[in-house]
Amino acid sequence: MPELPEVETIKRELSPHLTGRRIAGTTVLWPGTVRGASPSQFIDSLHGRKIESVGRRGKYLVICLDDGHDLLVHLKMTGSLIVGGPSDEPGKYARVIFTLDNGATVFFRDPRKFGKMQLVARGEVTSQLGIEPLSDDFTVEQLKELLAKRKTSVKPVLLDQNLIAGIGNMYADESLFEAGIHPLRPADSLSETEVARLHDAIRSVLQRAIESKGASIANYFRPDGSAGWAHQTFKVAHRRGERCQCHSNIERIVVRGRGTYFCPACQK
DNA sequence: CTATAGACCTGACGGC
DNA sequence: TGCCGTCAGGTCTATA
């Protein structure tokens, strides 16, 4: 599932292909992908636009255009952006195809059709998102404040994009494991030490996943079609039935409707 | 405010 | 082999 490290990897690897290019044409194969406008309006608005930069905010890819609009892309669970040549076949799961002024194509591939893209005025929409966990603004104090205000369990707080932007199910589980904190602990019950451990865990888990080019569980691919390997370093996420390094069995429970993996011995 | 449920989708998987 | 039901999960929307 694309979360912050996966979207960051895509941003970095897609940017050289897009920056400075113009959009020569757009094909919408699945209209449900486009939000906020009809497919034909969407196609018209993009035609001839120059791409100034490729950025990321939370789990959104932000493609800045020369007319003051941003193209926001959310990959949801199974979306990926694949760069191809002029003669490459779109494939069964292509939902939107962009053609650039140098003949290159970018396929938005999304088997489950959950992904969305939308044109917005620059800076709009993503302003509602919470703090970037890898930015300098995300301090232990910040995290402490966020957690202290919530009586709910700690995991849903990590997943709330309006509080912290970019953490999804996998990295929430990995961060809580690394911090030795049980996912059902009430958010406001964490000690100062635990908050500090969680803060460190979130940042190192995300940073290491970026260095591993993301986790290729399910349908995540990098723009060149290759996989990442962050999932190989996961300690608990998606490891039901396996043993923790402490030899206890990794458990799976459901927290607010999401599969949650943890080690009952290591996480208190 | 919080919390929950349904909707969106389709591939994978277990049971028979 | 194949059919069928269930599950997965990010976010939005609706409802309690």
Side-chain angles (χ1 to χ4, degrees), chain A residues 1-10 28-37 39 56-62 72-81 90-96 107-118 120 124-130 132-133 145-176 183-189 206 209 214-221 227 230-231 234 236-242 250-262:
Chain A
M1 323 293 151
E3 301 180 22
L4 187 153
E6 288 74 33
V7 182
E8 178 66 23
T9 300
I10 291 167
V28 177
L29 299 170
W30 177 253
T33 301
V34 177
R35 299 195 58 167
R56 179 192 61 76
R57 179 80 173 91
K59 299 175 195 170
Y60 287 88
L61 202 64
V62 184
L72 298 181
V73 182
H74 200 299
L75 304 167
K76 295 287 179 84
M77 269 90 70
T78 60
S80 52
L81 288 159
K92 185 180 173 188
Y93 300 117
R95 308 304 181 196
V96 177
F107 299 110
F108 178 63
R109 182 185 185 276
D110 186 24
R112 298 211 9 214
K113 300 177 176 173
F114 273 25
K116 294 282 179 274
M117 46 183 77
Q118 182 171 11
V120 299
E124 203 185 296
V125 174
T126 54
S127 59
Q128 296 175 14
L129 291 173
E132 283 290 329
E145 233 176 83
L146 290 179
L147 293 168
K149 278 189 272 185
R150 295 295 192 93
K151 292 194 188 306
T152 178
S153 45
V154 60
K155 181 172 174 183
V157 176
L158 299 185
L159 292 176
D160 188 336
Q161 301 300 302
N162 297 318
L163 302 179
I164 306 170
I167 301 175
N169 206 33
M170 300 183 303
Y171 294 109
D173 283 355
E174 287 301 307
S175 299
L176 287 167
L184 288 178
R185 282 279 302 282
D188 61 1
S189 77
L206 294 176
S216 283
I217 283 179
N219 285 277
Y220 162 73
F221 298 102
H231 55 292
F234 283 178
V236 290
H238 293 270
R239 295 197 180 275
R240 172 165 39 170
E242 293 181 40
I250 292 163
E251 279 188 23
R252 179 185 178 276
I253 57 175
V254 174
V255 179
R256 287 270 254 285
R258 289 183 183 89
T260 298
Y261 300 84
F262 71 105

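Treat the numbers as computed from the prediction; the structure is a model and nothing was measured. All values below were derived from every heavy atom in this structure, side-chain atoms included, with hydrogens, water molecules and symmetry-related copies excluded. So that the names make sense, note that chain A is the first sequence line, chain B the second, and so on, each numbered from 1.
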Checklist entry - For the side chain of A:Arg95 and the backbone of A:Pro111, is there at least one donor-acceptor N/O pair under 3.5 Å apart? => result yes
Checklist entry - Hey, does the side chain of A:Gln161 come within less than 4.0 Å of C:dG10's phosphate (OP1/OP2), counting only N and O? => result no
Checklist entry - Is there a donor-acceptor contact under 3.5 Å from the side chain of A:Thr260 to the main chain of A:Arg258? => result yes
Next on the checklist: When you measure from the side chain of A:Glu3 to the backbone of A:Gly58, do you find a donor-acceptor pair of N or O atoms at a distance under 3.5 Å?
Outcome noted: no
Checklist outcome for this item: Axis-to-axis angle for the helix from B:dT2-C:dA16 to B:dC16-C:dG2, ends of five pairs each, to 10°, equals 50°
Checklist entry - NA contact type, A:Lys76, heavy-atom cut-off 4.0 Å: base, sugar-phosphate, or nothing? => result base
Item to check | Gap between atoms CZ and C1', on A:Phe114 and C:dC7 respectively (whole Å) | outcome: 12 Å
Checklist outcome for this item: Hits for ring pair (Phe, Tyr, Trp, His ring centres under 6.0 Å) against A:Phe221, two or more places apart or cross-chain, chain-then-number order -> none
Item to check | Side chain to side chain, A:Leu176 and A:Leu158, heavy atoms closer than 4.5 Å | outcome: yes
Checklist entry - Hey, does A:Lys149 reach any base, or is it just sugar-phosphate, or nothing, if we go heavy atoms under 4.0 Å? => result nothing
Item to check | Whole-Å distance separating the CG atom of A:Asp160 from the P atom of C:dT11 | outcome: 10 Å
Next on the checklist: Could you tell me the boundaries of the chain A footprint on DNA chain B, defined by atoms under 4.0 Å from its heavy atoms?
Outcome noted: B:dT2 to B:dG11
Next on the checklist: Using a 4.0 Å heavy-atom cut-off, does A:Thr152 contact any base of the nucleic acid, only the sugar-phosphate backbone, or nothing at all?
Outcome noted: sugar-phosphate
Checklist entry - What is the nucleic acid contact for A:Lys59, judged by heavy atoms within less than 4.0 Å: base, sugar-phosphate only, or nothing? => result sugar-phosphate
Checklist entry - Within this structure, what is the CZ-to-C1' distance between A:Arg258 and C:dC7, rounded to whole angstrom? => result 15 Å
Checklist entry - Between A:His74 and C:dG10, is there a side-chain N or O to OP1/OP2 distance below 4.0 Å? => result no
Checklist entry - Is there a donor-acceptor pair closer than 3.5 Å between any side-chain N or O of A:Arg150 and the backbone N or O of A:Val157? => result no
Checklist entry - Taking the side chain from A:Arg35 and the backbone from A:Ala37, do they hold a donor-acceptor pair closer than 3.5 Å? => result no
Item to check | Length of the CD-P vector between A:Glu6 and C:dG10, whole Å | outcome: 11 Å
Checklist entry - Counting distance only, does the side-chain N/O of A:Glu174 pair as donor-acceptor with the main-chain N or O of A:Ala172 below 3.5 Å? => result no
Item to check | Flag, side chain of A:Glu6 to backbone of A:Tyr220, donor-acceptor distance under 3.5 Å | outcome: no
